[in-house]
Number of protein chains: 2
Amino acid sequence: MPTIYDVAEAAGVSIATVSRVFSGRAPVTDASRERVLAAADALGYRPNRMAQALAGGRTKALGLVMPFTLSNPFYTRIAEALIAHGRQRGFEILFALAERTDPDSYIDAQKSLLDRQVQGLLIVSNTETAHLCREALPGDPPPMAAVGCLPERGLPLATVDEEDGGYRATRHLIELGHRRIAFLGLAGMPPRPLGREHGYLRAMEEAQVEAHAIDTPVRLQDGEQALDAVLRQVPDATAVFAQNDALAIGLLRALAERGIRAPGELSVAGFDDLPMSALTVPSLTTVRVPVDAIAVEAMRLLLDSGDNGCDRQVVIGPELVARESTGPPRGS
Amino acid sequence: MPTIYDVAEAAGVSIATVSRVFSGRAPVTDASRERVLAAADALGYRPNRMAQALAGGRTKALGLVMPFTLSNPFYTRIAEALIAHGRQRGFEILFALAERTDPDSYIDAQKSLLDRQVQGLLIVSNTETAHLCREALPGDPPPMAAVGCLPERGLPLATVDEEDGGYRATRHLIELGHRRIAFLGLAGMPPRPLGREHGYLRAMEEAQVEAHAIDTPVRLQDGEQALDAVLRQVPDATAVFAQNDALAIGLLRALAERGIRAPGELSVAGFDDLPMSALTVPSLTTVRVPVDAIAVEAMRLLLDSGDNGCDRQVVIGPELVARESTGPPRGS
DNA sequence: CTGAAAGCGCTTACAG
DNA sequence: CTGAAAGCGCTTACAG
C-alpha cells in the first residue's frame, strides 16, 4: 500500500500538502491539489485511517451499541436508518454487539468502541442500561445518545412516544367495542419497559374498564406461552395488545394452531410495524415506530448538541396502522 | 484517557514492558506483570487500538462486507454466526454495508474496511460480486473468503450446497405426488444465482416431468406479483418452490388474500429456514441452511489457510424441513 | 500557500 | 527478562 510519502514524492510536494489536500481543511493552490490528486490516483493511495486517527484525534466514526440479536428486525431497522444518516453527515458507524442484554455486556461493547476512538456513542437499549453505559464512560467521554429507550432525566435521547403508542393501540380496540382487553408485556427485564403498558392502562382507565396486564416473554417463539397465559388469566378476553409485533405474530400463529379465529374470536394488536407485519395472515394491526425520524434526531443530538445539548430528549409520536387482526368483538 | 506512559510510570517499568504484558507475546516476570496490571487497572488504562494497529501492523480485526439490507434475516443470521465465531478466535468483526447490490458499492465497502487495516475480508454476496471484490484488492491483500455464494474457481468459499437443496425441496414435492411444480426465482441479478434452480431442474428431469421456471423478484413484498405470474404461466400448478423463504412467506399471504388454500390447492416450499418460517400460517416447508457451519468454515478458510488455502471451497449439505405448507396435490 | 519538525500511542528489533 | 530507540503513517502548530 502506498503511503503519504509516496504520493508526496510523486507529486513533488511535502507530505503536509498531501495531507491538506486529503483533509480538505487547509489552503492549497489548485495546481498543487491537482498534482497530488493525480499522483494519489495513479498510485491507488488511500489514507491509513489508523494513522489519521492517531495523529489527528478525529476518526469520523461513531459507535453503535446494540443487542446481539441482530435478527430482531426492529434493531436492524434502527441500525439501517442510523447508518444511512451517519453517512450523509460524513460519519462511519461502527457496530458493537452486546453479547447479552445485561449491562456488563453493553459496557464491554461500549469500551471496544471507545478503544477505536469513536467520536460519539449511540446506545440502543433500555434506559437503565443506557444510564449504566453513560456512567461507565471514561474521564473525557465522547458525546452519547440513547435511542429508543424510555425518557428519563440526564441522558440525551431520541425515541418514540411509547406511552402514546400504547394509548392509541388500546383506544383503537376500545373504539371497536372491546372491553376485555389484555396487555401482554415483558417480564423480568430490569427495569420493565413501562411506556407501552402505561398507555394501555391510561386508555383502560379512561374508558372505565378493568385492565389486565400479563407478564410474558415477547419473542416470536413465545406466542404459545403468551396465549396460554391469556386463556388462563383472562379467559373472556376479546382482544389483546402485545408489547411488540414479534410476540403478536407468534400469537397469531398460536391462535391458528388452536383454531381460534383472529380477529373473529380474539383481536390482536402489536407495536413496531415490522416489514413482516403487513404480510401475516391476518395482517397485523400495529403501532408504527418512526424509525427514520428517530435516527435523524439521534444524529442531531450527537453531533449538533454543542455544549448545552447533553440533556435534550426528543420524543416522536407514533402512528396507528389498522389492519386485519383487529375487528369488533365476538357477538357484537 | 491514560496512555501506556502513565501505566509505565505508575508501575515503575518501561513502556516496552507494559506493551509486552498487554500483548502477551513476550517474556515478562510475574512480578512485573502484576505491577503493570495493577497500575493499568487503577488508571483504567486500555490500549489505543489505532496506535496498536499503526505500530504493530496487526489489528485483530476482520472485515465483513454485506448488502445494506440488514433487515434481510438471512444476512443477519450469517453475520451473527460470523461474529460469534470470530470472537471465539480473538477477532473483532467490522461491518461494511454495501449501499446497493452493484459491484461498485461492494468494492467501496471493501475499501473502507481495508482503510481500517483489517486482517481478512469476508464477502457475503453472489459469486460475481465476490470475484470483483477480489480483483479490486490492492497489491498486498489480506486473505479473503466468500460466504454463501455459488462455487466458482479461484475464490475461497464457504457455502451451502444450493443445488442439492433445490433438489431436495423438489424431490419432496414430487414424492408427495406433485407433477406440476413451478420454480419461482430471481430475475435480473447478474449473474442469476442458479444453484437452487439447477437442483429443481435436475429433480424434475429425473422424474420426467416438465419444468417451469418463473422469473420474479424474491422479497417478502413480492408474493402477490409472483402468484400472478404462477397463475398466468402455470395455471394448473399444484406446487411451487420459491427461491427463498421471504418470497414463500409473501406468497402464503397472497394465497390467503385470494382464498387459495395452502397446501390444499397449492403447496409452497421455500429455502433458508428463517426464524419466522416455523411460525407462519401455515408453517413453511423449507430447506435449512446450516448457517453456523458455514460461519465456522469461513473463519477457517480465512485464518487457517496458510499459503495453500487460497482456492479451497467448502460446500455444506442442507436439510429439508417439512412443515405444513406442503401436502399431497389436490384431488389425490 | 507551503515545508520542516514534532508528536499521536503504541510495537518491535536491538542490545544488554 | 528488560530498557532505550526507532518507527508505524499521518496531522498540526510553527515559521516563512
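Chain letters run A, B, ... following the sequence lines, proteins first and then strands; every chain starts at 1.
- Going from atom CD of B:Gln52 over to atom C1' of C:dT11 covers 9 Å, rounded to whole Å.
- Comparing B:Leu54 and A:Ala53 against DNA chain D, the residue whose closest nucleotide sits nearer the 5' end is B:Leu54.
- The strand DNA chain C forms stems, runs of 3 or more Watson-Crick or G-U wobble pairs with distances below 3.5 Å, at C:1-3 with D:14-16, C:5-12 with D:5-12, C:14-16 with D:1-3.
- C:dC10 atom P lies 12 Å from atom CZ of B:Arg46, rounded to whole Å.
- Taking the side chain as every heavy atom from C-beta outward, B:Leu97 and A:Arg87 approach each other to under 4.5 Å.
- Straight-line distance from the OH atom of B:Tyr45 to the C1' atom of C:dG9: 7 Å, rounded to whole Å.
- Rounding to whole angstrom units, CE of residue A:Met50 and P of C:dT11 are separated by 14 Å.
- Here the shortest heavy-atom pairing between B:Ala81 and B:Ala295 reads CB-CB, 3.5 Å.
- Inter-residue side-chain proximity for B:Ile78 and B:Val289 is flagged as unmet; no heavy-atom pair is nearer than 4.5 Å.
- In this structure, A:Asp115 pairs ionically with B:Arg46, as a charged nitrogen and a carboxylate oxygen lie closer than 4.0 Å.
- Screening B:Val315, B:Val160, B:Val314 against B:Ile294 for a side chain to side chain contact (heavy atoms under 4.5 Å, CB included) leaves a single residue, B:Val160.
- Straight-line distance from the CZ atom of B:Arg35 to the C1' atom of D:dC1: 13 Å, rounded to whole Å.
- One interatomic measurement links the two molecules: CG of A:Asn48 to P of D:dG7, which rounds to 18 Å at whole-angstrom precision.
- For the OP1/OP2 pair of D:dC1 and a distance below 4.0 Å, the side-chain nitrogens and oxygens of B:Ser32 include no atom meeting the criterion.
- Taken from CG in B:Leu82 to CZ in B:Arg77, the straight-line distance is 12.5 Å, to the nearest 0.5 Å.
- At least one donor-acceptor pair closer than 3.5 Å links the side chain of A:Arg35 to the backbone N or O of A:Ala11.
- Although no hydrogens or angles enter the test, the distance criterion places a donor-acceptor pair under 3.5 Å between the side chain of A:Gln313 and the main chain of A:Leu155.
- In this structure, the separation between CZ on A:Arg134 and CD1 on A:Ile123 is 10.5 Å, given to the nearest 0.5 Å.
- In this structure, the CE atom of B:Met1 is 10 Å from the P atom of C:dC10, given to the nearest Å.
- Within the 4.5 Å cutoff, no side-chain heavy atoms of B:Pro156 are placed close to those of B:Arg300.
- Note: CD (A:Gln117) to C1' (C:dC10) measures 11 Å, nearest angstrom.
- Counting heavy-atom neighbours within 6.0 Å of B:Gln119 CD, excluding the residue itself, gives a total above 12.
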Please list each protein N or O that sits under 3.5 Å from an N or O in nucleotides 12-16 of chain D, with the distance.
| from | atom 1 | to | atom 2 | distance (Å) |
| --- | --- | --- | --- | --- |
| D:dT12 | OP1 | A:Arg58 | NH2 | 2.2 |
| D:dA13 | N6 | A:Arg20 | NH2 | 3.3 |

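- Put simply, B:Thr17 has no side-chain N or O that comes within less than 4.0 Å of OP1 or OP2 on D:dC1.
- Within 4.0 Å (heavy atoms only), B:Pro27 reaches at least one base atom of the nucleic acid.
- Applying the side chain to side chain contact (heavy atoms under 4.5 Å, CB included) test between B:Val7 and each of B:Val21, B:Val18, B:Asp41 identifies B:Val18 as the sole match.
- Residues of residues 2-11 of chain A having a heavy atom closer than 4.0 Å to DNA chain D, listed by number: A:Thr3, A:Ile4, A:Tyr5.
- With distances taken from any side-chain atom of B:Thr29 to the nucleotides C:dT2, D:dT2, D:dG9, the minimum falls on D:dT2.
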